[in-house]
Structures are given as structure tokens and as C-alpha cells.
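When reading the values below, keep in mind they use all heavy atoms of this one structure, side chains included, and skip hydrogens, waters and symmetry mates. Below, chains carry the letters A, B, ... as their sequence lines are ordered, and counting in each starts from 1.
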Amino acid sequence: MALEAIRSALESLLREMGVAEPVVGLERPRDPDHGDLATNVAMTLAKSLKRPPRQIAEEIANRLDLAAAGVSAVEVAGPGFLNFRLTSGAVASVLDDIVRAGESYGRGDAGGGERVMVEFVSANPTGPLHLGHGRQAALGDVIASLLDRTGWKVHREYYYNDAGAQIENLARSVWARYQERFGRAAEVPEGGYHGAYVSDIAEAFAAEVGERWVGDDSAEALDAMRVFAVKVIREEQDRDLADFRVRFDEYYLESSLYVDGGVERTVQALRDAGFVYERDGAVWLRTTEFGDQKDRVMIRSNGAPTYFLPDVAYHVGKWNRGYHRVINVQGSDHHGTVPRVRAGLQALGLPEGYPEYVLHQMVRVERDGREVKFSKRAGSYTTLRELYELVGVDVARYFLLMRKPDAHVVFDLDVALDQSEKNPVYKVQYAHARMCSIFAKAGMDPEDVSPGSAGGRDADLSLLSHDHERELIKRLGEFPETVERAAAQAAPHLVCDYLEQTAGAANSWYHAGNPARNPELAVLTDDPDLRTARLVLTRAVQIVLNNGLTLLGIEAPRRMDRAEADEPA
RNA sequence: GCGCCCGUAGCUCAGCUGGAUAGAGCGCAUGCCUCCGGAGCAUGAGGUCACAGGUUCGAAUCCUGUCGGGCGCACCA
């Protein structure tokens, strides 16, 4: 609307002024003194036009006629910025767009319906999920949602490493606990798993098969335990993720790559490509050819493939399944694998930056400024379930999302357990509930608002001219571009940031209308026209907060039912 | 030693891919408030954007180097 009108008017004027291909960047200044929209074109063109930026800006300001686009003033400022002020009606017109779009406000089509795969969590089935997996689950899930919202066809995938050495260690660990269960002396092997859950698995296994494998360390025995243990752990991980509101479209088993010949085909293809050689009895891939720091072993001298090989086979498979854009979410402790997997893929002719990676730092839980570990189940680490059962899924998801992936997350339990608005999750949820309660107070439903009217009465949105209102409306208008940017950067924290800012603006607006002090600023003020316009704004705030929270997989409650403060003092 | 990531307010962190006087929350200091929904609201103090160079109209942002922190450098995953 106003934005596009200004842009096209500027572009045609610049052509008249001798600019062949004008590129007009319009931004929303953070300082209200700088107007509602601003552009720096005069500065970027100063060099090619060989004129001082302010002079160019003056000419543009004088020749531009934008009254029809809702522009009330054009000013030249600073080194050559052009600042546009909009009429309050033009500013507020976005509210009708929001109300009209409803739950789809914020959707975009940047993806053009293309397919993209997000692979995340992909934990070894050797134990319960920990906090790092939790961060990955939250990140991957929301990145997928962001892509979905911006027009991509998204596939969520979980890769199970169910074929490697770690699984053997798990099987041996269960074997040891199983023997102990029947009074036999046995020890968890080097590199094995010591968590309580291993004993639970051994116990469950014993309940199923009895004493059948006591004293038996044959391959058959280990195989039985491996199959059983993986099944139990997979089920537990699935439960933990489902309760964390994370679901996948596909679970891809590493073992299937051996069964269906994918690994063998990949070896052959790499040989054919001419980057394979043998040394010291092992088979190597010349990954240095593609920027890796050193060549990598694909098949060890004992004949067993390294992890690297099925990983390459897996990613070739992704490409062949039609996913030409793939985002892998991984802990940054695995960043060393990135160049070598990409090198393997390039050797087979896949493009250089394939796949993309989102690497995240680790999670640390603190209370009173000190690290806490409260795991019973896994022994050495805190599990994801333990965390969200303590603080709730909404809080856990939000806290794991609110920092950019590059940064460490300090999970502050003092804040997480606080139910006041100091807790950012509740701050946003309260703001949403507050909007809903205004409608309850007005005796209507949020759905009773339509574009241009509320409760059946026509709304004059140009009445929303108070500073708090303009500020709030401006923010609401930025939601789609925030989603767009968050999707493009695979950065959910931008949405968190946005929601906190918007909730803050909504709260300021709301509190300014405290009936005891400024009844004329209250939403439900006596003036029926103001009241109607403000109800449209209330509805728009509610929609945006709801859409943002939903995008993050967090509840947008209509009422806040505070949990009883019944913890012993 | 080599590679990747990170150094922004007392603390935890944003900063829209180069724009205007660097922002938010917590904490701190004042002053309000039993209010359309709760420990809330308003205002304020607080910065050499690790350091040093460079690129240009303009740098927290890009380039080089230094210092500090994390992670990785297996015929483990």
C-alpha cells in the first residue's frame, strides 16, 4: 500500500532524474522523529550522479507528490535521508489486512512451493534425549515451521544411527546388566552406558525372555539385546519428542542404507569418480580435493565402514529423493563433519554448499547463578523430559529458542519458574490473554471483529493516532517481514525477540489506558467510535501474538490460569 | 600447531546482512499504583561494541592482524 506506492513513485521519479535501474530500499526507522518510512537512495546515488546527497534528496522531496499514498510529509534529514510521514489512516490500514488474513497473517510465498528437508535431532538410540537434543528439536521444528509459513514444502526427518559401534556398546551394556540381574558378575564395558535406564532395559528384557541368555555372550545373545534395547529407546525418544510437540514426517534408519545397497553404490560411485585410493589396508577418499583438511577413511582396514561413508550415502539419497535444499540441524561439536560430508558429495557432482547446516551451541541450566544437574534417569546428564516436566513445555521451548543458535543457552531456572511477566514466555502469553479478556469484558468475541468494523459498528481507524497506538500498529505491520527474515536466516530467536517487543508495546498501550487515570485512553472508553477502532487494534494484536506463538509451538491461551503457588517456602 | 564459532550496559542477550544519537529484559535509583487481570506502571543512571590497523560519504556489522573464551582436528559418532 503506502510502502509500494512510495517505492514505485520513487523509482519512476529516479528514472526521470537519469537513473537507469533505481533500487529503492525503504526501511522503518526506529526513531519516530525519522518518520514512518525512510530511504537512503539519495546517499547511494550520490556517487553515480556526482551530486551531493542532500541536494539529490531535496530535489526528490520537491518533485514527489504522494498525497494519494497517505503520505502527510516528506523531509530531508541527516546526511541525506528522506523521511516519510504517513497519515494515521494510512498507518492503521494494516489492521484491516491483519484482521482479514487472520491466522494466515504472516504467511509468505518466498519458497515458491519448492521442497526442502529439515533433518534434526537424529540422536543415537543409545539413551534418553538430553538438553542439547532438546534445543535441536525446538530449533529444527520451528525452522521447519518458518519455512512452511514462507511457502516451502517442508519434510521433517530424523536419522537414526542404528548401525554403528555405539549401538554395540549399548548392547554390551545391557548384556552386563542382564547378567547382573541374574546374579552373574559382569561389567559395563569400556565406552558403555551407565545410566539407570540401561538397567531398566535389562529388567524389561529379562521379564520378556527370562533366563534364556544368562551366561551366553554369543552374537545371537547380543543381537537380541541390541534389537530390544533400540526398540525400547526409540519408543522412549518418540514419546519424549511427541510430548515436546515435535513430530517428524519420516524416520530414516542408517541400517537401511546397508540393506538396500546405498552404501555399496556410493562406494562404487566414488571409485568411478576417481577420488578413492587405498593405503595401509584402508580405503580413503581424497576429500582434500574439495577443501577438507585431510583425506578421510571410508572403509577401515578391518573391513568395517566408518561413520563417514553411510553419511555420504544418506545425503546422496536425500538429493536423489528430490530434496535439492536440505538443512541439517546439529550440535556445533559435530562441525568437523561438515567439510568432509560436503567433500564426499562434491566428489559425486553435488553442488558445493549442499547441504546447509544450522550448528548450535550447548545448553547449560543454572539456578542462583550456578550450574545444576538434576538427572536421575541418565546419570551423567539432564534429560529433555526432566527439564520440561519441571518448567513446562511452553517455557522449555521458548528458552531453547530465544537465543541465536551460535550462542550458548543459559537456562535460568529462577526465571523459567517465575510466573510473573519477568518471564518472557508469560509476558507474551499474558499480553495475548489480556487482549482476549478485553473482548470478554466488552461482551463480545475476538471473532466479532471484521475488516473495518467491530461488533457490527464501522471503525474509523484514523482515530488511532496516539503515540502508543502508532508504535504498536507499526510493530504489528512488521510481523510478516520478521517471519520472512527468520525463515531466510533459519533464526527462530528473531520471532521470540519480535514477540517480546510487540507484547511490550501492547502492554504499554494497554496500561496507558488505566481507567483510574486516563479513562479516555482505555480500549473500552466511553466514546463509541474510539472504542470500536481500538477493538480492531486489540483484535490485530491478539492475532499477531497468536500467530507468533503458534509458529513457535507455544500455547496462546485466552485465559491465564495461574498455577497455585503452593511450593513450600 | 591448524580449522570453525564467539567477545556489545553490572548480568543474560538483540542489533533487520553497511546507515541517523548502539537497543531490550533482569538488576540498580527515584516517583506512582489495589488498577479493563495478578510483584504492576512511569522516568532515569549505566557503553572505548575485546584491541590495533584497513576499506568509504558512513563500520558493532566487511577485510587483515593481535589478545581472550568455546568446540573440533581417529581406521569414534
- prompt: Taking only N and O in the side chain of A/Arg434, is any of them less than 4.0 Å away from OP1 or OP2 of B/rG38?
  reply: yes
task: Would you mind checking if A/Glu157 and A/Lys318 are paired as a salt bridge, meaning a charged N to carboxylate O distance below 4.0 Å?
output: no
query: Can B/rU43 be described as syn, meaning its chi torsion is within 90° of 0, or is it anti?
result: anti
- request: Consider only side-chain N and O atoms of A/Glu119 and A/Tyr252, and report whether a donor and an acceptor are under 3.5 Å apart.
  value: no
- prompt: Taking a pair as Watson-Crick or G-U wobble with both distances under 3.5 Å, which nucleotide is matched to B/rU56?
  reply: none
query: Would you call A/Arg457 and A/Asp529 a salt bridge, using N to O less than 4.0 angstrom?
result: yes
query: Reckon A/His334 touches a base, only the sugar-phosphate, or nothing at all at heavy-atom distances under 4.0 Å?
result: base
- line: Atom CD of A/Gln542 and atom P of B/rG37 are separated, to the nearest Å, by 17 Å
field: Side-chain donor/acceptor contact of A/Asn83 with base of B/rA20 under 3.5 Å
entry: yes
Side-chain donor/acceptor of A/Arg485 to base of B/rC16, under 3.5 Å: yes
query: Expressed in angstrom and rounded to an integer, what is the separation of A/Asp333 atom CG from B/rA74 atom C1'?
result: 16 Å
Base-pairing assignment for B/rA24 (Watson-Crick or G-U wobble, both under 3.5 Å): B/rU12
task: For B/rA20 versus B/rA60, give the span between their P atoms, rounded off to a whole number of Å.
output: 9 Å
field: Electrostatic pair A/Asp36:A/Arg470 at N-O distance under 4.0 angstrom
entry: yes
- prompt: Taking a pair as Watson-Crick or G-U wobble with both distances under 3.5 Å, which nucleotide is matched to B/rU17?
  reply: none
query: With respect to the side chain of A/His511, which nucleotide from B/rG19, B/rG38, B/rC36 is positioned closest?
result: B/rG38
task: Searching all strands shown, indicate the nucleotide that pairs with B/rG37 (Watson-Crick or G-U wobble; both distances under 3.5 Å).
output: none
statement: Whole-Å distance, A/Ile299 CD1 to B/rC76 P, equals 13 Å
task: Indicate yes or no: does A/Glu478 engage A/Lys474 in a salt bridge with an N to O separation below 4.0 Å.
output: no
query: NA contact type, A/Thr306, heavy-atom cut-off 4.0 Å: base, sugar-phosphate, or nothing?
result: sugar-phosphate
- prompt: Just to confirm, is there a sub-4.0 Å distance from OP1 or OP2 of B/rG15 to any side-chain nitrogen or oxygen of A/His493?
  reply: yes
- prompt: Distance only, no hydrogens: is a donor on one side chain within 3.5 Å (strictly under) of an acceptor on the other, for A/Thr525 and A/Asp527?
  reply: no
- request: Could you tell me whether A/Asp280 contacts a base, only the sugar-phosphate backbone, or nothing, with contacts defined as non-hydrogen atoms closer than 4.0 Å?
  value: base
field: No-H, no-angle donor-acceptor pair, A/Ser332 side chain to B/rC71 base, under 3.5 Å
entry: no
- prompt: For B/rG40, does either OP1 or OP2 sit under 4.0 Å from a side-chain N or O belonging to A/Lys422?
  reply: no
- prompt: With a centroid cutoff of 5.5 Å and a plane-angle limit of 30°, would you call A/His34 stacked on B/rA20?
  reply: yes
message: Distance check, C1' atoms only: B/rU8 and B/rU61, in whole angstrom units.
response: 12 Å
query: For A/Glu264, does the CD atom have more than 12 heavy-atom neighbours from other residues, nucleotides or ligands under 6.0 Å away?
result: no
B/rC73 versus B/rC16 - spacing of their P atoms, nearest Å: 32 Å
field: Distance, rounded to the nearest Å, where A/Met560 contributes CE and B/rG40 contributes P
entry: 13 Å
statement: By nearest-nucleotide position on RNA chain B, the 5'-leaning member of A/Arg340 and A/Asn40 is A/Asn40
- request: Classify the ring geometry between A/Tyr159 and A/Tyr314 as parallel (under 30°), tilted (30 to 60°) or perpendicular (over 60°).
  value: parallel
field: G-U wobble or Watson-Crick pairing nucleotide for B/rC67 (cut-off 3.5 Å, both distances)
entry: B/rG7
- prompt: Has A/Ser420 got a side-chain N or O lying under 4.0 Å from the OP1 or OP2 atom of B/rG40?
  reply: yes
message: Output one letter per nucleotide in nucleotides 1-11 of chain B: B when a protein non-hydrogen atom lies under 4.0 Å from the base, S when only the sugar-phosphate is that close, - when neither is.
response: -BBBSS-----
- prompt: Can you check whether A/Leu45's main-chain N or O pairs, donor with acceptor, with A/Arg51's side chain at less than 3.5 Å?
  reply: no
message: Is there aromatic stacking of A/Phe81 on B/rG19 here, judged by a ring-centre distance under 5.5 Å and a plane angle under 30°?
response: no
- request: Report which part of the nucleic acid A/Glu481 touches: base, sugar-phosphate, or nothing (heavy-atom distance under 4.0 Å, all strands).
  value: nothing
query: When you look at A/Glu500 and A/Tyr398, which way does the side-chain hydrogen bond (donor to acceptor under 3.5 Å, both in side chains) test go after all the steps?
result: CA-CA 11 Å; A/Glu500 277 184 66; A/Tyr398 193 93; 3.0 Å; yes
field: Watson-Crick or G-U wobble partner of B/rG47, both distances under 3.5 Å
entry: none
field: side-chain N/O A/Thr482 vs B/rC16 OP1/OP2, d < 4.0 Å
entry: no
task: Name the pairing partner of B/rU30, where a pair is Watson-Crick or G-U wobble with both distances under 3.5 Å, or state none.
output: B/rA42
message: Nearest heavy atom decides the nucleotide; on that basis, is A/Pro53 or A/Tyr510 closer to the 5' end of RNA chain B?
response: A/Tyr510
